[in-house]
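Bear in mind the structure is a predicted one, so any value in this text is a computation, not a measurement.
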Amino acid sequence: MPPKGKAAPKPKGTENIKPSTSSSNSTSSPAAQQPTTSTSPSGNTPTAPSTIGERSQQRFHESRPFDAARQKLGLSGLSQAEQTGWVSSQLAARSSTSTGSSRRTTPRLGPKAQRELWRHVNDASLPIRTLKNKKSAPTPADVWGTDRAGQKIAGYSIARYEERAAKRTALTALQVTSRAFREARERAKRGLVVTRDHREQPIVLVESAKDVQEEKQRRRQMAALRRELYGEMTGEFRQDPEWDGVEPIPQVEPEAALATISYPEEYAEAISYLRAVMLQKEYSPRCLRLTDHIISMNAAHYTVWLYRAANVFALQLPIPDEIDWLNGVALANLKNYQIWHHRHLLVDNYYPTLASGPPSTLSRFADSEREFLSAILAHDTKNYHVWSYRSYLVSKLGLFDAAEIAAMAALIGDDVRNNSAWSHRFFVVFSDPRQSTPGTAATDADPAVPREVVDREAQYAMDKIYLAPQNQSAWNYLRGVLVKGGRGMRSVEGFVSEFVRGLGEGEEREDVLSTHALDLLAEICKEKGERERADLCLRRLGEKWDRIRVGYWEWRRRCLDDGQ
């Protein structure tokens with residue numbers, strides 16, 4: 001403000017300039033940060049504001065003491081003193097704020113007029129600077145906007161707003177420090193550092209683990225503050241300095257999609273980073289940890305399993321360590337195919353090492369695999385994926401031995417109806433390359449199978465049939481053993497007859513302990529050329545002993561007529 005000249009007498013009509021009482025509504029809002037007791041230009045004593053919006057409104061009106069009255073009454077409705085005060089405040093505000101091009105639009109006052117202007121301003125204590133509304137805000141209070149919950153910040157108490165402001169300040173400070181960390185890391189990648197004279201000099205900067213840990217802590221604090229202040233969710237990978245430099249590739253759903261998949265935020269973020277590193281064909285420990293994280297959320301993600309295997313092989317990680325990790329995942333996801341396919345790939349990769357090493361190494365690995373498979377089968381003895389892998393393992397490692405047969409015997413002993421154990425036993429016994437013909441189908445006779453093996457397995461099946469005559473698994477096994485040994489079904493006619501008594505001798509005398517025995521007896525009779533007795537066996541199955549499948553038995557009877 002220009003220095004005062006000589007004191008001049010007050011012109012008439014300028015003393016005690018105050019807005020009309022009709023403008024008192026402009027000062028009805030409370031005061032600023034500290035409760036004020038000074039008298040406002042309207043002559044009213046304002047009260048302390050209770051919200052930040054009220055404080056903003058009060059400050060706005062205090063910077064424009066005549067605006068409320070002018071807007072309500074019009075300029076002509078003001079007294080001469082009020083008109084003089086309003087014009088003086090407008091000219092003072094424009095003179096103090098005009099710069100550049102705005103100076104050319106502000107009227108220039110002569111020296112005398114300027115002295116008069118500043119005298120009016122001083123005498124009436126008029127504000128030189130005025131607060132302005134943002135064009136997008138209908139009222140001064142609305143300039144604060146809303147918080148993450150949609151609540152207007154103008155309704156915050158002053159204490160609550162100061163707490164929010166302190167958090168925003170803390171967030172800014174953390175962001176500045178974090179930005180400095182990122183810039184230093186980028187310069188270190190280029191082998192440069194900025195010196196005091198702002199020149200980049202080559203240097204090798206070693207980033208300590210402590211620096212990284214501090215940055216992780218900063219980012220966690222920043223994420224918490226952003227979530228609290230703005231509702232912004234920052235994922236785990238964004239918080240980790242290890243993933244700086246990787247630009248995630250998010251899933252973009254088509255605009256015309258009938259139904260979009262709603263992924264959890266954590267999963268969507270991890271998958272977006274997976275896409276990025278797979279596109280770059282990166283194989284690194286951090287990528288391995290990324291696959292672990294995704295598998296923990298979705299163990300059925302086929303692609304991530306393949307990428308994990310590629311990382312394991314590219315990094316040449318110890319296969320036993322990976323299998324140890326895989327065991328825990330398998331126990332938590334019993335019916336997951338991808339887990340067993342991954343194990344298959346691991347064993348394929350590890351086999352050359354096992355085959356070229358001492359036999360004890362392969363033996364220890366086989367024992368460990370059997371032990372784990374037993375643990376899995378203890379949860380579900382008929383898990384198809386486990387049995388499929390076990391067949392592969394036996395073939396790959398050559399485990400056609402007594403230990404594998406004994407393991408099956410134990411499972412069958414626990415549950416004689418465990419068809420999976422019966423099938424695996426048949427595979428182990430009759431696919432052993434030492435006593436079988438390569439390429440022979442399971443349903444074909446194989447002269448290479450020793451006679452004593454056929455006798456042993458046939459007797460084993462018959463012993464188990466005595467325990468549960470209606471168990472189809474043991475009967476099927478017996479049939480398969482006889483076929484492999486090249487023996488006819490009539491070789492067990494005496495055994496089968498023990499389960500069928502009085503056939504065709506009347507309802508009271510006929511007793512069938514096993515429908516499977518009666519079915520096998522029909523085949524034996526057909527094999528012997530006794531067509532009528534074979535027809536009787538099939539007819540009684542449909543009429544009484546297995547009426548639920550009467551259609552099947554009638555079809556079998558027609559096959560007898562056709563000579564099939």
Side-chain angles (χ1 to χ4, degrees), residues 209 212-213 215-217 219-220 223-224 227 232-251 253 260-350 368-369 371-373 375-380 383-386 388-389:
V212 175
Q213 190 60 36
E215 176 63 11
K216 284 185 178 181
Q217 181 63 24
R219 294 190 189 182
R220 283 194 290 267
R227 184 167 54 251
E232 177 184 334
M233 302 297 292
T234 303
E236 177 182 341
F237 293 90
R238 284 286 188 189
Q239 299 177 33
D240 193 343
E242 184 180 19
W243 290 95
D244 289 351
V246 177
E247 188 61 33
I249 303 175
Q251 172 70 29
E253 296 285 356
T260 59
I261 301 175
S262 180
Y263 294 106
E265 290 185 5
E266 182 183 6
Y267 182 74
E269 184 202 26
I271 292 297
S272 67
Y273 276 87
L274 177 70
R275 294 191 192 97
V277 293
M278 287 184 66
L279 184 64
Q280 298 299 324
K281 295 183 178 180
E282 177 185 336
Y283 305 112
S284 63
R286 72 175 182 180
C287 293
L288 200 68
R289 291 193 294 273
L290 173 62
T291 62
D292 188 358
H293 181 63
I294 296 175
I295 288 169
S296 69
M297 294 185 286
N298 179 14
H301 196 299
Y302 185 76
T303 304
V304 75
W305 280 106
L306 292 178
Y307 183 59
R308 182 177 181 89
N311 271 270
V312 170
F313 302 148
L315 298 174
Q316 297 183 348
L317 300 178
I319 298 301
D321 292 349
E322 178 69 5
I323 289 179
D324 287 342
W325 170 84
L326 189 62
N327 289 349
V329 181
L331 287 169
N333 302 272
L334 295 176
K335 293 296 183 73
N336 183 290
Y337 163 74
Q338 286 77 13
I339 292 173
W340 296 99
H341 181 261
H342 184 67
R343 199 180 195 98
H344 189 133
L345 295 178
L346 294 176
V347 174
D348 275 347
N349 182 270
Y350 191 40
S368 66
E369 286 295 276
E371 183 179 353
F372 174 71
L373 293 176
I376 288 286
L377 291 173
H379 293 278
D380 181 6
N383 189 320
Y384 169 78
H385 304 306
V386 178
S388 178
Y389 171 78

Fill in the blank from the handout: To the nearest 0.5 Å, atom CE of M297 lies from atom CD of E266 at 5.0 Å
Problem - Residue pairs involving residues 291-302 (criterion salt bridge (charged side-chain N to carboxylate O under 4.0 Å, His left out); sequence neighbours excluded) - result: none
Problem - Side chain proximity check, E322 to Y350, heavy atoms < 4.5 angstrom - result: no
Handout entry: From CA spacing to verdict: side chain to side chain contact (heavy atoms under 4.5 Å, CB included), I339, H385
Key = CA-CA 9 Å; I339 292 173; H385 304 306; over 6 Å; no
Handout entry: Test item: I376 and D380 side chains (from C-beta on) under 4.5 Å apart, heavy atoms
Key = no
Practice task
Side-chain contact test, heavy atoms from C-beta onward, threshold under 4.5 Å: evaluate it for I295 versus W325 and give yes or no.
Solution key: yes
Fill in the blank from the handout: In this structure, OG of S296 is separated from OH of Y267 (nearest 0.5 Å) by 10.5 Å
Handout entry: Counterpart residues, side chain to side chain contact (heavy atoms under 4.5 Å, CB included), relative to R275 (two or more places apart)
Key = I249, Q251, I271, S272
Handout entry: From CG (L306) to NE2 (H301), nearest 0.5 Å
Key = 10.5 Å
Exercise for the section: For the pair W305 (side chain) and A299 (backbone), establish whether a donor and an acceptor sit closer than 3.5 Å, ignoring hydrogens and angles. Expected result: yes
Handout entry: Approximate separation, where rounding is to 0.5 Å, of L373 CG and N383 CG
Key = 10.0 Å
Problem - Value rounded to 0.5 Å, distance of CD in E282 from CG in L274 - result: 11.0 Å
Problem - Check: Q338 and N333 side chains under 4.5 Å, non-hydrogen atoms - result: no
Exercise for the section: Apply side chain to side chain contact (heavy atoms under 4.5 Å, CB included) to F372 and I323, showing your working. Expected result: CA-CA 10 Å; F372 174 71; I323 289 179; over 6 Å; no
Handout entry: Greater than 12 external heavy atoms within 6.0 Å of Y384's OH
Key = no
Throw together a table of side-chain donor-acceptor distances under 3.5 angstrom for residues 309-319, partners on residues two or more places apart or in other chains.
| unit_1 | atom_1 | unit_2 | atom_2 | d |
| --- | --- | --- | --- | --- |
| N311 | OD1 | S284 | N | 3.0 |
| N311 | ND2 | Y307 | O | 2.9 |

Problem - Side chain to side chain, V304 and R308, heavy atoms closer than 4.5 Å - result: no
Practice task
Would you indicate whether the side-chain heavy atoms of T303 and M278 approach each other to under 4.5 Å?
Solution key: yes
Problem - Distance (rounded to the nearest 0.5 Å) between E371 CD and N327 CG - result: 9.5 Å
